[in-house]
Amino acid sequence: MAKTIVVTSGKGGVGKTTSTAAIGAGLAKRGHKTVVIDFDVGLRNLDLIMGCERRVVFDLINVIQGDAKLKQALVKDRRLDTLSVLPTSQTRDKDALTPEGVEKVLSELKEEFDYIICDSPAGIERGAHLAMYFADEAIVVTNPEVSSVRDSDRVLGLLNSKTRRAEKGDGDPVKAHLLLTRYDNDRVAKGEMMPIDDVLEILAIPLLGIIPESTTVLRASNVGMPVVMDETSNAGKAYEDAVSRLIGEQIEMRVQPQERPSFLRRFLGRRA
Amino acid sequence: MFGFFRQQPRRSDSARAAKERLQILLAHDRSDRARDDLLPLLQRDILAVVKRHMRVDGDAVEIKLERGDDMSSLEINIEVPDAQPGQAG
């Protein structure tokens, strides 16, 4: 049975697209047929983070408006044959997204894929609403920072009221997971950043993973590669753990050390 | 020797990769903006022309695009059923 998972946060810049790419690629690496969808109409970026931006022909809006078939709009990843990207339009208005259109696309995708990962835009407007509306599960991406935690709380409220599962009210509600990103152990130790337990106490949802602040995330996005494809990245390892938990494996929660390459490592890294 | 180093970009050069990718992408973004419907229209027209001569299923059309810095390639594959006399035209 295909699962639809929204990656959402309310606040912008916390790592939704990075997390969508990493988790999508992580699932695909394990052999699950996975599609990642960009819901940020007008500000397309998932294709860039996935490294397929040069091959985008049609997009989600073309499919919704009947200008292209779904199969034509899906961009297959060249590194993992179980992974596809459904880009959004860079030029259209977000009003081009309709609930009927999104529902139709998602139900068609469910026939072909095991996991459908919806990358929500920031905010709580139409794009964000439709990205979460049909979800079975939600990954709430949060930084240990006051405005991010507050926005995540607001989004959790919306997941519990403004989704199909909430409106139907008969089945299970949307299962929400917390993904703590840009976590900086040193700053937590110095008392400059909220520790994991404090964020968990406030948001009160199960923790999917802790992604350390990492230099490898920028490097991965520079070259258009989901960070889990970088075997040396601690952020990548943390995402792999999160993916394992997402598919129900029991993995001990651990905080990967941050990456602050030493001079020697940087020197050697250049030769690698 | 130098070729070897050129083919193996240093890890620290991911910033240069980012710039190059953006330059290509933005050049296309900026020029495509005025022609939002170019590809759907192109597909419709090409299909219409082909359909005048043979029976083609709308689902059997595959369009691939590869944007490059100097040139882009557009590849259109249309699955054509085996010749069926009397159905063409």
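All chains are named by letter (A, B, ...) in the order of the sequence lines, taking the proteins before the strands, and each is independently numbered beginning at 1.
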Chemist: Flag the pair B/Arg67 / A/Val56 as yes when at least one side-chain heavy-atom distance between them is below 4.5 Å, and no otherwise.
Modeler: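 Result yes, sub-4.5 Å side-chain heavy-atom pair found.
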Chemist: How many angstroms lie between atom CG of B/Leu39 and atom CG of A/Asn62, to the nearest 0.5 angstrom?
Modeler: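 Atom-to-atom, B/Leu39:CG and A/Asn62:CG are 8.0 Å apart.
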Chemist: With a 4.5 angstrom heavy-atom cut-off, which part of B/Leu25 approaches chain A: side chain, backbone, both or neither?
Modeler: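 Answer is side chain: those atoms of B/Leu25 sit under 4.5 Å from chain A.
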Chemist: Would you say CG of A/Asp95 has more than 12 non-hydrogen atoms from neighbouring residues, nucleotides or ligands within 6.0 angstrom?
Modeler: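 More than 12 heavy atoms, drawn from other residues, nucleotides or ligands, come within 6.0 Å of this atom.
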Chemist: If you count heavy atoms of other groups shown closer than 6.0 angstrom to NZ of A/Lys11, is the number above 12?
Modeler: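 For A/Lys11, atom NZ is crowded (more than 12 foreign heavy atoms under 6.0 Å).
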Chemist: Please look at B/Leu41 and chain A and tell me whether the side chain, the backbone, both or neither of the residue comes under 4.5 angstrom of a heavy atom of that chain.
Modeler: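 Contact with chain A is absent: no heavy atom of B/Leu41 under 4.5 Å.
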Chemist: Just checking A/Arg182: does its CZ atom have more than 12 heavy atoms from other residues, nucleotides or ligands closer to it than 6.0 angstrom?
Modeler: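 Result for CZ/A/Arg182: open.
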Chemist: Taking all non-hydrogen atoms of both residues, which atom of B/Arg21 and which atom of A/Val223 are closest, and how far apart?
Modeler: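 Closest approach of B/Arg21 to A/Val223: NH1-C, 3.3 Å.
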Chemist: Other residues, nucleotides and ligands only: do more than 12 of their heavy atoms fall within 6.0 Å of CZ on A/Arg254?
Modeler: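 Counting neighbours around CZ of A/Arg254, 12 or fewer heavy atoms of other residues, nucleotides or ligands fall under 6.0 Å, so no.
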Chemist: Compare every heavy atom of A/Arg219 with every heavy atom of B/Ser14, then report the nearest pair and how far apart it is.
Modeler: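 In terms of heavy atoms, the two residues are closest at OG-CG, 3.4 Å.
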Chemist: Please classify the contact between B/Gln43 and chain A as side chain, backbone, both or neither, with a heavy-atom cut-off of under 4.5 Å.
Modeler: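 The side chain, not the backbone.
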Chemist: After noting the C-alpha distance and the side-chain angles of A/Leu48 and B/Leu22, does the key distance pass the side chain to side chain contact (heavy atoms under 4.5 Å, CB included) rule?
Modeler: CA-CA 9 Å; A/Leu48 196 52; B/Leu22 277 172; 4.2 Å; yes
Chemist: Could you tell me whether A/Lys71 and B/Glu79 make a salt bridge, using a distance below 4.0 angstrom between a side-chain N and a carboxylate O?
Modeler: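 Answer for the salt bridge query: no.
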Chemist: Any non-hydrogen side-chain atom of B/Leu65 less than 4.5 Å from a side-chain atom of A/Arg55?
Modeler: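 Sidechains of A/Arg55 and B/Leu65: no contact.
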Chemist: Ignoring hydrogens, what is the shortest heavy-atom contact between B/Val61 and A/Gln72? Give both atom names and the distance.
Modeler: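 Minimum heavy-atom contact is O-NE2, 2.8 Å.
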Chemist: A/Val75 versus chain B, heavy atoms under 4.5 Å apart: side chain, backbone, both or neither?
Modeler: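 For A/Val75, neither part sits under 4.5 Å from chain B.
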Chemist: Any side-chain heavy-atom pair from B/Lys64 and A/Val57 closer than 4.5 angstrom?
Modeler: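 No, every pair of side-chain atoms sits at 4.5 Å or beyond.
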